Protein chains: 2
Amino acid sequence: MSSLTPTARVILGLVALGPRTGYDIKRITDSSTRFFWGASYGQIYPELKRLEHDGLVEARDEPRGRVRRRVYTITPAGERAVREWLLDHETAYELRDEGLLRLFFGELLQPDDVLDLVRRRRAWFERSAALFRELGEQLEAQDDDVLRYGVDLMKWNAAWFARLEQRLSQS
Amino acid sequence: MSSLTPTARVILGLVALGPRTGYDIKRITDSSTRFFWGASYGQIYPELKRLEHDGLVEARDEPRGRVRRRVYTITPAGERAVREWLLDHETAYELRDEGLLRLFFGELLQPDDVLDLVRRRRAWFERSAALFRELGEQLEAQDDDVLRYGVDLMKWNAAWFARLEQRLSQS
DNA sequence: CCTAGCATGTAATACGTTACATGATTCA
DNA sequence: TGAATCATGTAACGTATTACATGCTAGG
């Protein structure tokens, strides 16, 4: 009924995992879901209010010293909404890769420039894979499948571009 | 200077490959760049006008019978802008995968429901891989690296989820 | 004392989709 | 004759980022 927006789903999900402040949500999305579903302050705070207004979360003030702090907790209605979404079969998938787009327009460039582009892409994916791995170690990641997906995906990309690099540098 | 918007880049690139109408651009993005950079009419037509106003493309009317038709061609300034963008090192990469997000919130579900989700995901990626392959055959794809990337990515995803499925169904 | 981090929020802007309106042509 | 495709366009809406404003607290 309430038909959650994409960002509302992330937020509601995180609150369903445990009580959270808006700041918490930003921190968590930045370090974990960022790569496949991010959120910015400009959405988080207004969205939390909307969710509260719709009765899906409850808020209470829990200041730390004199720092005001508003902690959100899931309600039964909120739990139902999350569950309903999680069981829904409709699934958005979207990839926006400017590097790929540049590769698509490769014939507008000199072969050497294309090769440079591919090389940079490979290096970038290698760095990303390393970054994900570090992130996992910091979080002492239990058996986080999603994090593993991130590492695996970046590694696969690095390998794919390495193969293309090979092919291009031979011809 | 003109600082192209993401969609402007796709459009300008396509016009740089050859004269195109707005309709052409929609058709092409729908069948090729769609998966990693799409565009809708609501952007294409206004953006073409903006690009014309900025002197990056030129327009002329080439009606087919009584069907009005506006064909856009790249200008030297437009060519410079495309080239500049293609050689730029800053590269946006963004993935939005609702399935992954659901997996991330897996602990809110029963194990059986997670398994179902993973199974559906695998099936979806398998279908996507097949779709991409067909697309390539229709286009009699020469050696389109980007299309190959699409097929490979979908296949890799299907395999990744198949492995997870195995792991989950054993425990 | 100063910096980094905790904490909340909004206004302006940018980006993008959906739905609709309009009309010609081609082909079954 | 009716459906599909070619073809252009806009208004309303939804979604998201950026940049800014504000202020407390802990630790070097």
Side-chain angles (χ1 to χ4, degrees), chain A residues 2-12 14-15 19-31 33-53 57 59-72 90 92-96 98 101, chain B residues 2-12 14-15 19-31 33-53 57 59-72 90 92-96 98 101:
Chain A
S2 51
S3 197
L4 303 167
T5 65
T7 304
R9 299 198 257 260
V10 183
I11 294 176
L12 198 59
L14 287 174
V15 174
R20 304 256 188 275
T21 66
Y23 191 81
D24 287 339
I25 288 167
K26 175 64 173 157
R27 208 167 22 76
I28 297 171
T29 54
D30 276 356
S31 73
T33 67
R34 186 185 69 232
F35 241 89
F36 57 92
W37 221 291
S40 62
Y41 286 130
Q43 284 174 277
I44 291 170
Y45 288 109
E47 192 61 58
L48 279 169
K49 282 186 183 165
R50 213 168 307 139
L51 290 172
E52 189 192 359
H53 175 266
V57 299
R60 57 179 193 281
D61 286 311
E62 275 185 29
R64 290 242 238 256
R66 228 165 299 160
V67 178
R68 69 176 167 149
R69 201 159 149 278
R70 213 166 159 71
V71 178
Y72 291 87
E90 219 163 326
Y93 180 89
E94 210 186 300
L95 177 66
R96 301 222 128 190
E98 205 180 348
L101 192 61
Chain B
S2 52
S3 198
L4 303 166
T5 65
T7 305
R9 299 197 256 261
V10 183
I11 294 176
L12 198 58
L14 287 174
V15 174
R20 305 256 187 275
T21 67
Y23 192 81
D24 286 340
I25 288 166
K26 175 65 172 155
R27 207 168 22 76
I28 296 170
T29 55
D30 276 356
S31 73
T33 67
R34 186 184 68 232
F35 240 89
F36 58 93
W37 222 293
S40 64
Y41 286 129
Q43 284 175 277
I44 291 169
Y45 288 109
E47 192 60 59
L48 279 170
K49 281 185 183 166
R50 214 169 306 138
L51 290 171
E52 188 191 1
H53 175 265
V57 299
R60 57 178 193 281
D61 286 310
E62 276 185 28
R64 288 243 237 256
R66 227 166 300 163
V67 177
R68 67 176 168 150
R69 201 159 150 278
R70 214 167 159 69
V71 178
Y72 290 86
E90 219 164 326
Y93 180 88
E94 211 186 297
L95 178 65
R96 301 222 128 189
E98 204 180 349
L101 193 61

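Atom set for the values below is all heavy atoms of this structure, side chains included, hydrogens, waters and symmetry mates excluded. Residue numbers begin at 1 in each chain, while the letters A, B, ... track the order of the sequences. This structure is a prediction, so every number in the text was calculated from the model and none was measured.
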Between protein and nucleotides 25-28 of chain D, what N or O pairs are separated by less than 3.5 Å?
| residue | atom | partner | partner atom | Å |
| --- | --- | --- | --- | --- |
| D:dT25 | OP1 | A:R66 | N | 2.9 |

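- Residues B:D30 and B:R27 are not paired through a salt bridge, judged by the lack of any N-O separation under 4.0 Å between the basic side chain and the carboxylate.
- Applying the side chain to side chain donor-acceptor pair (under 3.5 Å) test to A:Q43 and every residue at least two apart in sequence or in another chain returns A:T7.
- Between A:L4 atom CG and D:dT15 atom C1' the separation is 14 Å, expressed in whole Å.
- By the 30° and 60° cut-offs, the orientation of the rings of A:F35 relative to B:Y93 is tilted.
- Within the 4.0 angstrom heavy-atom criterion, only backbone atoms of the sugar-phosphate kind lie near A:K49; the bases stay farther away.
- The CD1 atom of B:I25 sits 12 Å away from the P atom of D:dG9 (whole-angstrom rounding).
- A:V15 has its side chain out of reach of A:L51: every pair of non-hydrogen atoms, C-beta onward, lies at least 4.5 Å apart.
- Distance OH (B:Y72) to C1' (D:dA7): 12 Å, rounded to an integer number of Å.
- For B:R69, counting side-chain heavy atoms from C-beta on, the closest listed nucleotide (D:dT10, D:dT8, C:dA7) is D:dT8.
- Side-chain N or O atoms of A:R69 include none that pairs as donor or acceptor with a backbone N or O of A:T21 at under 3.5 Å.
- Going from atom CD of B:E52 over to atom P of D:dT8 covers 13 Å, rounded to whole Å.
- Put simply, A:Y45 has a side-chain N or O that comes within less than 4.0 Å of OP1 or OP2 on C:dT8.
- B:T29 places a side-chain heavy atom less than 4.5 Å from the side chain of B:L14.
- Between B:K49 and B:P46, the closest side-chain pair of non-hydrogen atoms is not below 4.5 Å.
- One distance of note links CD of A:E47 with NE2 of A:H53; it measures 12.5 Å at 0.5 Å rounding.
- At a threshold of 4.5 Å between non-hydrogen side-chain atoms, the residues A:I11 and A:I44 count as touching.
- Separating the CD atom of A:E47 from the C1' atom of D:dT17 is a distance of 15 Å, rounded to the nearest angstrom.
- In this structure, CD1 of B:I44 is placed 13 Å from P of D:dT10, rounded to the nearest angstrom.
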Every protein N/O within reach of nucleotides 16-22 of chain C N/O, cut-off under 3.5 Å:
| residue | atom | partner | partner atom | Å |
| --- | --- | --- | --- | --- |
| C:dG16 | OP1 | A:R96 | NH1 | 2.7 |
| C:dG16 | OP2 | B:T7 | OG1 | 2.8 |
| C:dG16 | OP2 | B:Q43 | NE2 | 3.1 |
| C:dT17 | OP2 | B:S40 | OG | 3.1 |
| C:dT17 | OP2 | B:Q43 | OE1 | 2.7 |

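- What separates CZ of A:R50 from C1' of C:dT8 is a distance of 16 Å, to the nearest Å.
- Rounded to an integer number of Å, the gap from CG of B:D24 to P of D:dT5 is 16 Å.
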